[in-house]
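Here the structure is laid out as structure tokens; the discussion comes afterwards.
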Amino acid sequence: MQEKQTPAYTPADIEAAARAYWDDSQAFKAVEDASKPKYYCLSMFPYPSGKLHMGHVRNYTIGDVLTRFHRMRGYNVLQPMGWDAFGLPAENAAIKNAVPPAKWTYDNIAYMKQQLQALGFAIDWNRELATCQPSYYRWNQWLFLRMLEKGIAYKKTQTVNWDPVDQTVLANEQVIDGRGWRTGAVVEKREIPGYYLGITQYADELLDDLDTLDGWPERVRTMQANWIGKSTGVRFAFGHDVRDESGALIGDGKLWVFTTRADTIMGVTFCAVAAEHPLATHAARNNPELAAFIEKCKHGSVMEADMATMEKEGLPTGLTVVHPLTGESVPLWVGNYVLMSYGDGAVMAVPAHDERDFGFAKKYDLPIRQVIATRHHFDLLRDLAVVERDHATPAGFSFQDLLSQHGPERALTMIEDRVSDDAYAEFDYVAAKWAEYRPEDQLPLTDNEATVCINSGPYDGLAYAAAVDAVATDLASKGGEKKVQWRLRDWGVSRQRYWGCPIPIIHCDHCGDVPVPDDQLPVVLPEDCIPDGSGNPLLKRDDFINVACPKCGAAAKRETDTMDTFVDSSWYYARYCSVGNDGAMLDERANYWMQVDQYIGGIEHAILHLLYSRFWSKVMRDMGLMTVKEPFARLLTQGMVLNHAWLHKPEGGGKNYYWESDVDVQRDAKGQITGGRLKADGTVLEHELTTMSKSKNNGVDPQALIDQYGADTARFFMMFASPPEQTLEWNDAGVEGAHRFLKRVWNFAQDYNAELRARVPATSTLGSAKLPAALADLRRELHLVLKQASYDLAKQQFNTVASGCMKMLNALEKAPRDGSDAAEVIGEGLSMLLRVLSPICPHITHALWRDCGFGDDILNSDWPEAAESALVQDEVELMLQVNGKLRGSLRVAADAPKDAIEAAALANEAAQKFMEGKPAKKVVVVPGRLVNIVC
RNA sequence: GCCGGGAUGGCGGAAUCGGUAGACGCAGCGGAUUCAAAAUCCGCCGCCGCAAGGUGUGGGGGUUCGAGUCCCCCUCCCGGCACCA
């Protein structure tokens, strides 16, 4: 035998060679081909923050595994990649380092691209795009103008966070505890004009089409449906006669409100308006306290989470309004929790049945009136009322009625109870706590379907839907009407920022807001600005701002606001298909590739990005740019990769994050983190477990892993660590194990190549000849694992595919090696292992596939199929339970009838021992699984 | 606060339909090899118990012959909340 040195596993060389081969052969170039089924696999493109982190590795490995798997199954695959390149971090970096956002962004892209390439993803780089390229964003502008023409885009005022010191608009992220991140100044709300996209015009379709997205996780569809929030309610007005200085009725004497709980209208004990409401402004004229309160409401956060958690405060206006059904006088308050931008900026308050109103009423000692009860509660109250009435009637006729209706026992009890006041006390709810606003052990009063009105005059006894209808009917004569209300709001896209896509509008003193003509697109963003934190640097760029009006030619000014970066990411998936077309946003190629067959990205995008993309798709369809109505057929929401983050909020405002390497971490006896201090000066830091991100200084760069172990190890480890949808706390313990496994695969394959390969018969005999038992068992195990792995891959559970590969190798290493049968079974097993492993670890499997003579290119091999003939077995083992506890096992023929199994079970020694002589009451036989004797 | 999700050994996780809890790894322990170490290989490994056995899937209750899995209540953690992306 020839002396032969087994080649060592050297990932750096092996991986570079594999990538060179793919590059040379243009292996991942995607070409439209109508003869094959297509598979468009897309991972959410990254923001070029500087370096990849483990969340990226997870995301893109998942996409790559699916892409390669489908390619092996005969699909024409497309996996593109690009850059979500506009955004705030580039401006923050500019403020810190005085580097233009453009340069910073392009440098980051170059570095991260090289990292992605080192990971060996099967990406068609010919289709690469970056949203900050004029060739891309010109189509943002173009479609925006089309939307403007159709009335989908429009202008109105928006509320923003205003930093009074820097004189600039702040992103929510830049507001920390109500103060500006750089100045520490208390942030104000400010109303400024901005452009909106009418996503609410598509609300019905966005909601209805969720039902067609059966390839989406249920939780994402639920979140979107809740976000869209369709509810039917009633809009109506309270009357008033408040007049302004000129004597005119404010708002025509009507205070409009909207409610989804019109059934509680008789429970209204006050109304509340937003600080900006005209009635509030009017009331504050001669009321300094109220004026001060209104001023205070204008400060603070615009964020919903803050609005919901802040202390609910209010002041009476001294005004009253008139209840439209009872004519009662209702006090009018100003509340900091009422938003001018929702509905009409006013609410009716029913403290008994709305938790927020309840809290407000308790705080300010306002009356609470219960008007909803469970049906049971209502019936008892009605009975008591009948008894009371009849008791007071000398004729007393209807005790008989009670008898016939309720039987003697109940009728008597009702009479007796009536005598004692306790009978009513049972139904009085406790007004101390919201949670006690319902009788014990009964349905919550917030369950619409199970409750009825009480104390509500004509509506008593009506259930939710009937009561709402009746109230709406009664309000109709006063202008009230049933109305569908959406939680979804139109999408404000104007950003007072530099590093984004310019909004293509020119402001002319004579012609107003003039759209930039199509032939002047794109409006190119100058790339040499350096933001300094004091507002949009475009405002200082005369060369950008000053322009002739396209209509009248007079001197005019360009809009300096840029678009929300969610615009950029709302259609990139379609542009990949039509990349390079400078004459149109999309072309026919988009209709070939769309929909995206599999979209992969973080769960944090479950609502906004995905909803905006769905909306934009529908607009593109309506504009005739694309035929599909939903962009993403299947969605895999990757769980977040979490890591520890350490932060400190200095006195002057802001938030500083520190790398964990700079922190003394304190832990308790169990190793749980209890706190940490900055090594440098002992500053006490806050700890959070959160997603990896550059801004939090907690990203783990995969580069060290790649350098030390190779890309295949990094990929394998990431897939093996947990199922894709699960949140994953980062921990690199176990990387060694992944690398060890790949080394074993390498050595085993080289060993096979050297010793066994020559003995494999030219023509396969497997499947015909009967194998010796040991080999048949081995082959059965291999095929069983393969079957499981294919099943797991189909359900996108990659961690068990990885462990399946390990099981195959374990089995192969223990296999007998004598004779041609063994060589053949091992060869078949190895070829299955390499192919199953190849989507996860493409480099090592590429090399071994060729080395072992299985073929030229594993990319072009077929996905292996488990042979049913290898799986059959004559006998099966059943577990044997007595009273549900495992007491032994039973070997029976695979096709044994139930009664034979039952008899064998009862005769079993272990079973008899634990039955302790008692007769079997019941025997449960689950074929192929178990026997349970109940005695 | 609201919406969505999660919790299984020391750690990551497995368990397809309600049917042997802990597959596959990591860490640890014992052994082989080695002058020694690394690497590699073999074995053990939830907890209590000498054992028989008992017990165990965040906590409490329920349904079932049988519950990690289904139902109700609670705790903690994570994601989103419209200008981070």
Side-chain angles (χ1 to χ4, degrees), chain A residues 44 46-47 49 84 86-89 92 158 160-161 169-175 217-220 222-227 229 302-310 355-356 487-497 564-566 569 602-609 611-612 637 639-640 642 670-671 688-691 693 695 717 720-723 725-729 731-738 740-741 743-744 747 788 791-792 795 797 799-800 802-807 810 813 877-886 889 921-924 926 928-930 932-935:
Chain A
M44 290 179 186
Y47 179 79
S49 57
D84 189 12
F86 275 137
L88 206 51
N92 293 342
Q158 51 179 351
V160 296
N161 302 304
V169 174
L170 298 178
N172 284 339
E173 191 191 46
Q174 297 171 318
V175 179
E218 195 56 47
R219 60 167 158 162
V220 176
T222 305
M223 279 190 263
Q224 293 223 343
N226 289 344
W227 184 263
V302 301
M303 280 178 264
E304 190 200 71
D306 291 337
M307 297 296 290
T309 49
M310 73 182 177
E355 193 169 3
R356 194 176 51 183
R487 208 188 80 91
L488 181 68
R489 311 199 296 262
D490 275 346
W491 174 13
V493 294
S494 288
R495 297 290 180 272
Q496 295 69 44
R497 279 183 233 305
D564 181 4
T565 57
F566 274 124
S569 55
I603 184 66
E604 76 273 25
H605 293 296
I607 297 175
L608 291 181
H609 163 62
L611 190 66
Y612 292 147
T637 45
M640 303 285 81
L642 307 180
K670 282 184 145 184
E688 53 188 26
L689 191 59
T690 181
T691 55
S693 108
S695 60
F717 174 65
F720 183 61
S722 83
E725 302 222 310
Q726 194 163 307
T727 304
L728 175 65
E729 195 175 329
N731 180 355
D732 66 5
V735 174
E736 289 277 359
R740 232 171 353 235
F741 166 67
K743 265 195 287 195
R744 277 168 58 209
N747 292 334
Q788 182 67 46
Y791 176 86
D792 289 346
K795 69 173 182 176
Q797 185 172 294
N799 55 328
T800 49
S803 74
C805 292
M806 289 172 150
K807 285 180 189 174
N810 289 346
E813 285 180 338
E877 188 156 311
L878 304 182
M879 64 163 150
L880 177 58
Q881 294 182 334
V882 177
N883 288 329
K885 294 200 180 200
L886 183 67
S889 68
K921 280 189 216 150
K922 185 177 174 182
V923 181
V924 182
V926 183
R929 284 275 184 190
L930 63 77
N932 186 18
I933 300 167
V934 186
C935 65

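Letters go in sequence order (proteins before strands), and every chain restarts at 1. The structure presented is a predicted model; accordingly, all values stated were derived computationally and were not measured. Worth knowing before you read on, the calculation uses all heavy atoms, side chains too, and leaves out hydrogens, waters and symmetry mates.
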Heavy atoms under 4.0 Å, any strand shown: does M44(A) hit a base, just sugar-phosphate, or nothing?
nothing
Expressed in whole Å, how much space separates the C1' atoms belonging to rC2(B) and rU64(B)?
36 Å
Touch class at under 4.0 angstrom, heavy-atom based, for W491(A) against every strand present
nothing
Mind checking if P723(A) touches a base, just sugar-phosphate, or nothing, with heavy atoms under 4.0 Å?
sugar-phosphate
With a 3.5 Å cut-off and no angle check, do the side chains of D792(A) and T800(A) form a donor-acceptor pair?
yes
Chi class for rG58(B): syn within 90° of 0, otherwise anti
anti
Applying the 3.5 Å cut-off to both distances, the Watson-Crick or G-U partner of rG56(B) turns out to be none
Answer syn or anti for rC17(B), where the cut-off is 90° from 0 on the glycosidic torsion.
syn
To the nearest angstrom, how far is N161(A) atom CG from rC84(B) atom P?
9 Å
Separation of atom NZ in K922(A) from atom C1' in rG19(B), rounded to whole Å:
14 Å
Go nucleotide by nucleotide along RNA chain B from the 5' end; which of A305(A) and L88(A) gets its closest nucleotide reached first?
A305(A)
For rA7(B), which nucleotide in any strand shown is its Watson-Crick or wobble partner with both distances under 3.5 Å?
rU75(B)
Name the nucleic acid region contacted by F741(A), choosing base, sugar-phosphate or nothing; use a 4.0 angstrom heavy-atom cut-off, strictly under.
nothing
Hey, does R489(A) reach any base, or is it just sugar-phosphate, or nothing, if we go heavy atoms under 4.0 Å?
base
Under a 3.5 Å cut-off for both contacts, is rG19(B) paired Watson-Crick or G-U wobble with anything, and if yes, with which nucleotide?
rC65(B)
Please lay out, stage by stage, how N161(A) and N172(A) fare under the test side-chain contact (heavy atoms from CB on, under 4.5 Å).
CA-CA 7 Å; N161(A) 302 304; N172(A) 284 339; 2.9 Å; yes
Looking at every strand, decide which applies to Q158(A) at a 4.0 Å heavy-atom threshold: base, sugar-phosphate, or nothing.
base
Verify the distance criterion only: is there a donor paired with an acceptor across the side chains of S695(A) and S693(A) at less than 3.5 Å?
yes
From E729(A) atom CD to L642(A) atom CG, the distance as rounded to the nearest 0.5 Å
6.5 Å
How many Å lie between CG on D490(A) and C1' on rA82(B), as a whole number?
12 Å
Quick one: is rC3(B) close enough that its OP1 or OP2 comes under 4.0 Å of any side-chain N or O from T222(A)?
no
Separation of rC41(B) atom P from N747(A) atom CG, nearest Å, is 9 Å
Among rG5(B), rA82(B), rC24(B), which is the nearest nucleotide to the side chain of F720(A)?
rC24(B)
How far does the C1' atom of rC11(B) sit from the matching atom of rU57(B), given to the nearest Å?
16 Å
Identify whether any heavy atom of K921(A) sits under 4.0 Å from a base atom; if not, whether one sits that close to sugar-phosphate; answer base, sugar-phosphate or nothing.
nothing
Using a 4.0 Å heavy-atom cut-off, does R744(A) contact any base of the nucleic acid, only the sugar-phosphate backbone, or nothing at all?
sugar-phosphate
Flag the pair R487(A) and E304(A) as a salt bridge only when some basic side-chain nitrogen lies within less than 4.0 angstrom of an acidic carboxylate oxygen.
yes
Whole-Å distance between rU8(B) C1' and Q726(A) CD?
11 Å
Should rC29(B) form a Watson-Crick or G-U wobble pair with both distances under 3.5 Å, which nucleotide is its partner?
rG43(B)
Distance test, side-chain N/O of R356(A) to OP1/OP2 of rG1(B), below 4.0 Å:
no
Measuring only the P atom in each nucleotide, how far is rG12(B) from rG80(B)? A whole number of Å is fine.
22 Å
Between E736(A) and M223(A), which has a closest nucleotide on RNA chain B that is more 5'?
M223(A)
Pairing partner of rG1(B) (Watson-Crick or G-U wobble, both distances under 3.5 Å)
rC81(B)
From CE of M310(A) over to C1' of rC2(B), roughly how many Å is that when rounded to an integer?
14 Å
In whole Å, what separates the P atom of rA82(B) from that of rA27(B)?
44 Å
Tell me what V160(A) touches on the nucleic acid: a base, only sugar-phosphate, or nothing, going by heavy atoms under 4.0 Å.
base
Which nucleotide in the set rA85(B), rG1(B), rA82(B) lies at the smallest distance from any side-chain heavy atom of A308(A)?
rG1(B)
